[in-house]
Visitor: 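Provided herewith is a single structure, encoded as structure tokens, for subsequent inquiry.
Because only heavy atoms are used, hydrogens play no part in the values below, and waters and symmetry mates are left out as well, while side chains stay in. Because the structure is predicted, anything quoted here is derived from the model rather than measured.
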Amino acid sequence: MRVGRPVKPLPHPDCDYCGALATLARAGDEAYPYRDDHGPLWICAPCQAWIGTFARSTRNVPLGRLADARLRELKVKLHAALEPLVQAKVRRDGCNVFEARSKGMKWLAQAIGVDPDKCSIHTLDADQCERAIAVVEDFEQARENHPSDSAADDR
Ligand SMILES: [Zn+2]
């Protein structure tokens, strides 16, 4: 922690794969990977790795670590695996979907040994994503075998 610096340095993530500093790209820039506008992205062009920014962040705070093609695919897979549990919790407990997702991520973080307070789907690396997917699959398997058991998301 540095003392005597009134202005916080801008968050400037580096690339997990090559260590280079990422560049901020906006829709329409040459490096921007999407045709549509998904908001500003931190990109490492040589690694084809990127991460979005918090929607209302004026300082372009990154959502998490830069993700290459493999990690992006794993995040989609994890999201798809978790979503049925999220929807089930919304129906059962009447909570909103964001709350249900956040509880689901906390449950997963604990299960894979990541600090739940610092965990979101965007902070996981490929290895952690794979472990999290396995946890959800195991849970689904156990529920199929014992349909009367209550869900583990209240843990
Ligand atoms: Zn890189």
Visitor: Can W107 be reached from I112 by stepping across I, L, V, M, F, W or Y side chains whose heavy atoms are under 4.5 Å apart?
Guide: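 Yes, I112 and W107 fall within the same hydrophobic cluster.
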Visitor: Can you name the side-chain contact (heavy atoms from CB on, under 4.5 Å) partners of V76, sequence neighbours left out?
Guide: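 Listed in chain order: nothing, the list is empty.
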Visitor: Could I get the full list of side-chain contact (heavy atoms from CB on, under 4.5 Å) partners for R26, not counting sequence neighbours?
Guide: L24, D29, P40, N60
Visitor: With sequence neighbours excluded, tell me which residues meet side-chain contact (heavy atoms from CB on, under 4.5 Å) with A81.
Guide: V136
Visitor: Considering residues at least two apart in sequence or located in another chain, which fulfil the side chain to side chain donor-acceptor pair (under 3.5 Å) criterion with R72?
Guide: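 Residues passing side chain to side chain donor-acceptor pair (under 3.5 Å) with R72: none at all.
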Visitor: Check whether any side-chain heavy atom of P13 lies under 4.5 Å from a side-chain heavy atom of L66, and answer yes or no.
Guide: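 Yes, side chains in contact.
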Visitor: Specify the closest pair of heavy atoms between A132 and L108, including all atoms of both residues, with the distance to one decimal.
Guide: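 Shortest heavy-atom separation between A132 and L108 comes out as O-CD2, 3.6 Å.
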Visitor: I'd like to know if the side chain of D125 and the backbone of D127 have a donor-acceptor N/O pair within less than 3.5 Å.
Guide: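 Yes, because the side chain of D125 sits within donor-acceptor range (under 3.5 Å) of the backbone of D127.
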Visitor: With side chains defined as the heavy atoms from C-beta onward, is the minimum distance between L74 and I133 less than 4.5 Å?
Guide: yes
Visitor: How close do W42 and P62 get, heavy atom to heavy atom, and via which atoms?
Guide: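 So the minimum-distance heavy-atom pair works out to CD1-CB, 3.7 Å.
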Visitor: Taking all non-hydrogen atoms of both residues, which atom of Q128 and which atom of T123 are closest, and how far apart?
Guide: OE1-O, 4.0 Å
Visitor: With clusters defined by side-chain heavy atoms of hydrophobic residues (ILVMFWY) lying less than 4.5 Å apart, directly or transitively, does V135 cluster with I121?
Guide: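 Yes; V135 is reachable from I121 via cluster members.
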Visitor: Using atom types as modelled and distance alone, determine if a side-chain donor or acceptor of H12 lies under 3.5 Å from a backbone N or O of L21.
Guide: no
Visitor: For Y34, what residues pass the ring-ring contact (aromatic ring centres under 6.0 Å, His included) criterion, not counting sequence neighbours?
Guide: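 Once residues adjacent in sequence are excluded, the partners of Y34 under the ring-ring contact (aromatic ring centres under 6.0 Å, His included) criterion are H38, W50.
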Visitor: Determine whether S120 and M105 satisfy the following criterion, side chain to side chain contact (heavy atoms under 4.5 Å, CB included), listing intermediate values before the conclusion.
Guide: CA-CA 6 Å; S120 89; M105 279 312 297; 5.5 Å; no
Visitor: Give me the atom names and distance for the closest heavy-atom approach of A100 to V90.
Guide: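 In terms of heavy atoms, the two residues are closest at CB-CG2, 3.9 Å.
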Visitor: Check side chain to side chain donor-acceptor pair (under 3.5 Å) between E140 and all other residues, then give those that pass, not counting sequence neighbours.
Guide: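 For E140, the residues satisfying side chain to side chain donor-acceptor pair (under 3.5 Å) (neighbours in sequence not counted) are R143.
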Visitor: Please check if F98 and F54 belong to a single hydrophobic cluster, counting links between Ile, Leu, Val, Met, Phe, Trp and Tyr side chain heavy atoms closer than 4.5 Å.
Guide: no
Visitor: For Q87 and E83, which I'm curious about, is there any donor-acceptor pair between the side chains at under 3.5 Å?
Guide: yes
Visitor: Quick one, C44 and C18 - any side-chain contact, counting heavy atoms below 4.5 Å?
Guide: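 Answer yes - side chains close enough.
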Visitor: Test: salt bridge (Lys or Arg N to Asp or Glu O under 4.0 Å). Region: residues 32-48. Which pairs qualify, not counting sequence neighbours?
Guide: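 Salt bridge (Lys or Arg N to Asp or Glu O under 4.0 Å) check on residues 32-48 returns no pairs.
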Visitor: I'd like to check the side-chain contact (heavy atoms from CB on, under 4.5 Å) partners of P116; sequence neighbours left out, ordered by chain and number.
Guide: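 P116 satisfies side-chain contact (heavy atoms from CB on, under 4.5 Å) with K106, A109, Q110 once adjacent residues are dropped.
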Visitor: What heavy-atom pair brings L78 and C129 nearest, and what distance separates the two atoms?
Guide: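 Smallest interatomic distance, heavy atoms only, reads CD2-SG, 4.2 Å.
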Visitor: Suppose we screen for side chain to side chain donor-acceptor pair (under 3.5 Å). Which residues come up paired with D138, at least two apart in sequence or across chains?
Guide: none
Visitor: Quick check: does any side chain N or O of T23 sit under 3.5 Å from a backbone N or O of I43, one acting as donor and the other as acceptor?
Guide: yes
Visitor: Holding to side chain to side chain donor-acceptor pair (under 3.5 Å), I want the full list of residues that pass it with Q48, two or more places apart in sequence or in another chain.
Guide: none
Visitor: Sub-3.5 Å donor-acceptor pair from the side chain of E144 to the main-chain atoms of Q141, do we have one?
Guide: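 Between the backbone of Q141 and the side chain of E144 there is no qualifying donor-acceptor contact (under 3.5 Å).
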Visitor: First locate atom CG of L41, then atom CD1 of I51, and finally report the distance between them rounded to the nearest 0.5 Å.
Guide: 8.5 Å
Visitor: Who clusters with Y17? Use side-chain heavy atoms, under 4.5 angstrom, across I, L, V, M, F, W and Y, and order the result by chain and number.
Guide: L71
Visitor: What's the separation between atom SG in C119 and atom CG in L124, rounded to the nearest 0.5 Å?
Guide: 4.5 Å
Visitor: Drop me the distance from C15's SG to R65's CZ, to the nearest 0.5 angstrom.
Guide: 11.0 Å
Visitor: Sequence neighbours left out, what pairs pass side-chain hydrogen bond (donor to acceptor under 3.5 Å, both in side chains) with at least one residue falling in residues 73-82?
Guide: K75-H122
